[in-house]
Amino acid sequence: MAYTTFNRQINDQMKEPMFFGNPVNVSRYDQQKYGIFEKLIEKQLSFFWRPEEVDVSKDRIDYQNLPPHEKHIFISNLKYQTLLDSVQGRSPNVAFLPIVSLPELETWIETWAFSETIHSRSYTHIVRNISSEPHKVFDDIMLNEKILERADDVTRYYDDLIDGINLYQRCGEGTHSINGETLSISLYELKRRLYLCVMSVNVLEAIRFYVSFACSFAFAERELMEGNAKIIRLIARDEALHLTGTQHMLNIMAAGDDDADMAKIAKECEEEAYAIFRKAAEQEKDWAEYLFKDGSMIGLNKDILCQYVEYITNSRMQAIGMKAIFSTTQNPIPWINTWLVSDNVQVAPQEAEISSYLVGQIDNEVDGGDFGDFDL
Amino acid sequence: MPCVKVTAGVVIDFDGRARSLLDALEQQKLEVNFHCREGYCGACRCKLLSGEISYINEPLAFVRKGEFLPCCSTPLTDIEIEIP
Ligand code: FES
Ligand SMILES: [Fe+2]
Ligand SMILES: [Fe+2]
């Protein structure tokens, strides 16, 4: 019950459930109960990128020339994404690692969270470049009501789970009196919190970023803020993988072979799952309204963005076997898809715009003739 | 040459000019959602009503029973599909 960093119990890891079995002892990948998590790790590692590899210097001029309402759209989205990745860079580790029982899943969680820290670092890279006072942008996140409103729903399920795990691992199941407070916890309740948490993270990965993504790509369609768009594409590529991860987790839970309680819980929580999706979609639509409060941008307005939120919410819900909740069936901004194609994402070091490969900012162009009298 | 029947009433011959079913559908101007085109995001999922497909690379995306990913598959037999 209490967590231990190297469980001495000799166990057959292939027989452990994803969560709430024995804590993991040996990190071994020669055998995997769920090979998908190992594949996700490999894919995520193959996606590795560093923000500094993307040259965002041209964005500074673009940003200075944006009208105030477009500056507001751009910077607000960055702040919101900063919040989301701040949460995602730590919470999967803090919430899931103390209860995970499979090495491949444990490592997937760590790999996943690590990639979110890259996203966070990329926002600093972007903000430093467009603003001479980056601290003002970051300081405002903790004061901006529109962002804090969202923070509440993004973090609530994590916090409930973490709180329950702390109590359970310290005191076990039952009712406990702690510092004069009476608290109860059961394993079943913990599993319920886990299921809702994974569902809420699934929604975060699936929907919450996409309003910002759409704006970033709408700027880039006008050949503005293209460095930013390049970074956003790398982030979107990672997020798609994270979403696949949470979808697999939800599916394994709902199927019940892994842990019969989880299948029961998935059914019991169906209504709450719908509510989580619905609330996230409503919040994202409110966010679109806030973004465009002083004016729309070319190619995007509040209504189009709201329709996109509905469209994407429907498709994410159907992906995990839920029913669509909005009547929208068409993607109102189909051009966004080409920005999300993975082989259009260039991070090859040879690429000219990547500043870290331009030695002293001199383009090292080499043609065949340069090797003319070069013998091996 | 397997033929692909789409519930909207379109019939396509998969004649090897398209790399994947998604490419073939797009060549017919059918609108299918997509993101990664590499089998890991799941955005392109469609219903497979009859027949068999095979994956070019085993996809990572979560696919439910009766569904398949056109971005990374080709038809093995005549198939009937539904685009959501
Ligand atoms: S487009 Fe991503 S799985 Fe097909
Ligand atoms: Fe992220
Ligand atoms: Fe993520």
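Every chain is numbered from 1 and lettered A, B, ... according to where its sequence line falls, protein lines coming before strand lines. Keep in mind that this is a model prediction, so the values were computed, not measured.
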Let me confirm one number: the [atom1]-[atom2] distance from [X] to [Y], rounded to the nearest 0.5 Å.
X: A:N331; Y: B:E31; atom1: CG; atom2: CD; value: 7.0 Å
X: A:K43; Y: B:C36; atom1: NZ; atom2: SG; value: 8.0 Å
X: B:L60; Y: A:Q247; atom1: CG; atom2: CD; value: 12.0 Å
X: A:L340; Y: B:N33; atom1: CG; atom2: CG; value: 9.5 Å
X: A:F213; Y: B:H35; atom1: CZ; atom2: NE2; value: 10.0 Å

Note to self: I need the minimum non-hydrogen distance between A:A319 and B:R45, along with the two atoms involved.
What the structure shows: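 Nearest pair, atom of A:A319 first, then B:R45: CB-NH1, 3.0 Å.
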Notebook entry, point to check: Crowded around A:R278 CZ? As in, over 12 foreign heavy atoms under 6.0 Å?
Noted result: no
Next item on the list: I would like to know whether B:Y40 and A:L40 meet side-chain contact (heavy atoms from CB on, under 4.5 Å); could you show each step before the answer?
Entry: CA-CA 9 Å; B:Y40 64 80; A:L40 287 169; over 6 Å; no
Check: For the candidates B:C41, B:P84, B:A43, which exhibits the highest count of non-hydrogen atom pairs separated by less than 4.5 Å from chain A?
Finding: B:C41
Next item on the list: Name the orientation class of the two ring planes belonging to B:F62 and A:H248 (parallel below 30°, tilted from 30 to 60°, perpendicular beyond 60°).
Entry: perpendicular
Notebook entry, point to check: chain B: which of A:L243, A:L241, A:N251 shares the most heavy-atom pairs with it under 4.5 Å?
Noted result: A:N251
Note to self: Does any backbone or side-chain atom of A:Q330 lie under 4.5 Å from a heavy atom of chain B? Answer side chain, backbone, both or neither.
What the structure shows: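 For A:Q330, side-chain heavy atoms alone lie under 4.5 Å from chain B.
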